[in-house]
Amino acid sequence: MTQQPSPIPYPLAPAPTIYHPSPDYTRLRETCPVAHIALPDGASAYLATRHADVRRVFTDHRFSRAAAAGPDRPTRELGSLAEDSLIGMDPPRHTTMRRAVSHAFTVRRVEALRPTVAALVDRMIDEMVAAGPPADLIPHLSAPLPIYVISKLFGIPDQDQERVRQWSDALVGDWDADPAAPQAALDAFGEMIVERRRNPGDDLMSALINAWDTHDDLTERELVSVTAGIFVGGHETTTNQLNLFLLVLARHPEQLAGLRGDDPVAVARAVEELSRFIQLGDNGVLLPRVTTEEVELGGVRLPPGTPVLPAIASANRDASVFAGADTLDLARVDNPHLAFGAGPHHCLGAALARMELQEALGALLRRLPGLRLAVDEAELRWRPGLVVRSLEALPVTWDRVDR
């Protein structure tokens with residue numbers, strides 16, 4: 001077994017830019033891939049940094065999400081959403097709940113939505129063109145597109161989408177600093193569920209309610225958290241992915257110039273590579289686990305009850321898996337990145353997110369040649385207190401408009 005040194009402080013040394021993870025990850029992958037770390041509150045945990053080890057944490061049932069999602073969770077997460085929603089459950093309970101909603105996110109159903117999403121993106125670009133240039137991409141496209149799509153799946157009327165978006169924003173805020181706002185958002189989702197139970201429809205929310213009402217051991221609190229969690233996951237990440245995609249492309253003009261929006265294969269590859277490359281959060285860790293029995297990981301024996309942090313940002317820069325791992329390569333074909341997780345908690349809406357990102361990025365490249373930032377990157381501002389990096393505005397400009 002690997003001899004572990006004294007715990008190293010976590011979070012690690014800050015990254016030099018938002019485009020790369022902490023430089024400590026490279027050193028740890030090479031010298032101490034499963035590192036003993038000291039958390040800010042004095043507790044200890046282990047940090048998995050290599051692709052194979054991170055993937056194993058996601059897929060091995062001995063690494064429990066439920067044990068890591070309670071009030072004593074080892075790192076900051078989405079408050080009580082982590083405790084009661086799908087991201088805080090283990091099989092078999094997680095399997096039962098996921099089965100109740102997964103039919104809405106199959107590849108077949110997602111592909112059936114593609115023409116509708118493509119038409120919606122074109123309309124949004126038309127409106128942005130009419131307003132600019134320059135124009136803020138966030139209110140014109142990156143925010144309303146995923147909100148509209150997930151709202152349609154949930155049966156939320158157009159006039160209520162902005163209100164529900166505000167609830168979602170509160171749920172990804174800092175629960176520790178301001179628990180009242182996210183709790184009020186959960187209460188609002190609860191009231192919506194009560195109303196939908198009275199007036200069900202052919203939508204995802206009604207299907208969730210029906211699944212809950214046919215299982216005696218499921219609580220109303222879990223229903224609210226699962227509903228809110230799926231809604232939040234259905235748009236917050238996609239919005240910020242698209243924004244970060246464009247920031248990365250602005251830093252790689254030669255690759256941007258070679259990417260054609262009318263080539264769906266090239267756009268799909270670019271979405272995968274950009275998903276691998278971007279850094280959605282500051283620390284690059286995706287939903288910690290706790291061991292339920294003794295397990296060996298990366299040559300380290302972990303006793304039961306050990307918190308393990310899977311460093312997805314590090315895994316996606318593992319040079320043993322990705323050639324030129326720190327280099328953006330939009331033509332990369334072999335790309336087993338872990339941006340959407342893996343195993344039982346693989347992102348439920350991954351197919352939907354991919355389709356939305358492909359349609360949005362392809363249309364922007366196709367219709368707005370010369371698309372670029374309208375301000376210096378240093379002028380961009382980030383919204384404070386959120387789990388994921390979220391821009392306040394993203395001003396863009398372009399040379400001309402194509403159909």
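Put simply, the side chain of R381 gets close to the backbone of A378: a donor and an acceptor are under 3.5 Å apart. The closest donor-acceptor contact from the side chain of S206 to the backbone of D202 lies at 3.5 Å or more, if one exists at all.
With values rounded to the nearest 0.5 angstrom, R389 atom CZ is found 10.5 Å from L247 atom CG. Taking CG of L287 as the reference point, atom CZ of R65 lies at 4.5 Å (rounded to 0.5 Å). Here I125 contributes atom CD1 and R366 contributes atom CZ; the two are 7.5 Å apart, rounded to the nearest 0.5 Å. Expressed to the nearest 0.5 Å, how far CG of L249 lies from CG of L244 amounts to 11.0 Å. The line from CE of M355 to CZ of R114 is 6.0 Å long, rounded to the nearest 0.5 Å. Here CD of E254 is found 11.5 Å from CG of L259. Values are rounded to the nearest 0.5 Å.
Across all non-hydrogen atoms, the minimal contact from D24 to A13 is OD2-N, 3.1 Å. Closest approach of D41 and A43 over heavy atoms only: OD1-N, 2.9 Å. Closest heavy-atom contact between F63 and V295: CZ-CG1, 3.7 Å. In terms of heavy atoms, T306 sits closest to Y46 at CG2-CD1, 3.4 Å. Taking both residues in full, the closest heavy atoms of T327 and F277 are given as C-CE1, 4.0 Å, listed atom of the first, atom of the second, then distance. When all heavy atoms of A170 and P182 are compared, the closest pair comes out as O-CB, 3.5 Å.
None of D53, V34, L12, V308 except one satisfies the side-chain contact (heavy atoms from CB on, under 4.5 Å) rule with L47; the exception is L12. For the pairing with I156, the side-chain contact (heavy atoms from CB on, under 4.5 Å) check across L153, D160, D158 returns one residue only, D160.
Annotation: side chain of T291 is not in contact with side chain of P303 (no heavy-atom distance under 4.5 Å). Taking the side chain as every heavy atom from C-beta outward, L274 and L330 approach each other to under 4.5 Å. Side-chain contact between S314 and R50 is absent, with no heavy-atom pair separated by less than 4.5 Å. Looking at heavy atoms from C-beta onward, T397 lies in side-chain contact with R372 at the 4.5 angstrom threshold. Between L113 and R109, every side-chain heavy-atom pair lies at or beyond the 4.5 Å cut-off. By the 4.5 Å heavy-atom criterion applied to side chains, L373 and L246 are not counted as neighbours. Using a 4.5 Å heavy-atom threshold, the side chains of M192 and V164 count as touching. Contact annotation: the side chain of R196 approaches that of D203 to within less than 4.5 Å [non-hydrogen atoms, C-beta and beyond].
The stretch residues 337-354 participates, sequence neighbours left out, in these side-chain hydrogen bond (donor to acceptor under 3.5 Å, both in side chains) pairs: E272-H337, E272-R354. Residue pairs that meet the salt bridge (charged side-chain N to carboxylate O under 4.0 Å, His left out) test with at least one member in residues 124-135, sequence neighbours left out, are D126-R367, D126-R403. Screening residues 185-195 for side-chain hydrogen bond (donor to acceptor under 3.5 Å, both in side chains) gives Q183-D187, E195-R198, E195-N199 as the qualifying pairs, with residues at least two apart or on separate chains. Applying the ring pair (Phe, Tyr, Trp, His ring centres under 6.0 Å) definition to pairs two or more places apart or across chains, those involving residues 301-332 are H51-F322.
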| task | Apply side chain to side chain contact (heavy atoms under 4.5 Å, CB included) to the pair T238 and L352, showing each step before the final yes or no. | result | CA-CA 9 Å; T238 307; L352 183 65; over 6 Å; no

| task | Determine, step by step, whether Q241 and V271 satisfy the side chain to side chain contact (heavy atoms under 4.5 Å, CB included) criterion, reporting the C-alpha distance in whole Å, the side-chain angles of both residues, the deciding distance to 0.1 Å, and the verdict. | result | CA-CA 9 Å; Q241 279 179 297; V271 165; over 6 Å; no

| request: Mind running side chain to side chain contact (heavy atoms under 4.5 Å, CB included) on T116 and L120 for me, showing each step along the way? | output: CA-CA 6 Å; T116 299; L120 179 61; 5.6 Å; no

| request: Show your working on side chain to side chain contact (heavy atoms under 4.5 Å, CB included) between V401 and L368 and close with a plain yes or no. | output: CA-CA 5 Å; V401 179; L368 303 178; 4.1 Å; yes

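R289 and D60 are not joined by a salt bridge, as no carboxylate oxygen comes within less than 4.0 angstrom of a charged side-chain nitrogen.
Judged as a side chain to side chain donor-acceptor pair (under 3.5 Å), and not counting sequence neighbours, the contacts of R276 are E273. Residues forming a salt bridge (charged side-chain N to carboxylate O under 4.0 Å, His left out) with R317 (at least two apart in sequence, or on another chain): D326. Contacts of A257 classified as side chain to side chain contact (heavy atoms under 4.5 Å, CB included), with partners at least two apart in sequence or in another chain: none. Contacts of T292 classified as side chain to side chain contact (heavy atoms under 4.5 Å, CB included), with partners at least two apart in sequence or in another chain: R62, S64. Under the side chain to side chain contact (heavy atoms under 4.5 Å, CB included) criterion, P91 pairs with H94, T95, P344, not counting sequence neighbours. V375 is linked by a side chain to side chain contact (heavy atoms under 4.5 Å, CB included) to E379, L380, P395, counting only residues two or more places apart in sequence or in another chain. Checked against ring-ring contact (aromatic ring centres under 6.0 Å, His included), F189 has the following partners two or more places apart in sequence or in another chain: W167, F231.
Side-chain N/O atoms of Q166 and D169 include no donor and acceptor closer than 3.5 Å.
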Below 3.5 Å, can you tabulate the donor-acceptor pairs from side chains in residues 132-148 to any protein atom, sequence neighbours excluded?
unit_1	atom_1	unit_2	atom_2	d
D136	OD1	I138	N	3.1
D136	OD1	L394	N	2.8
S142	OG	N243	OD1	2.8

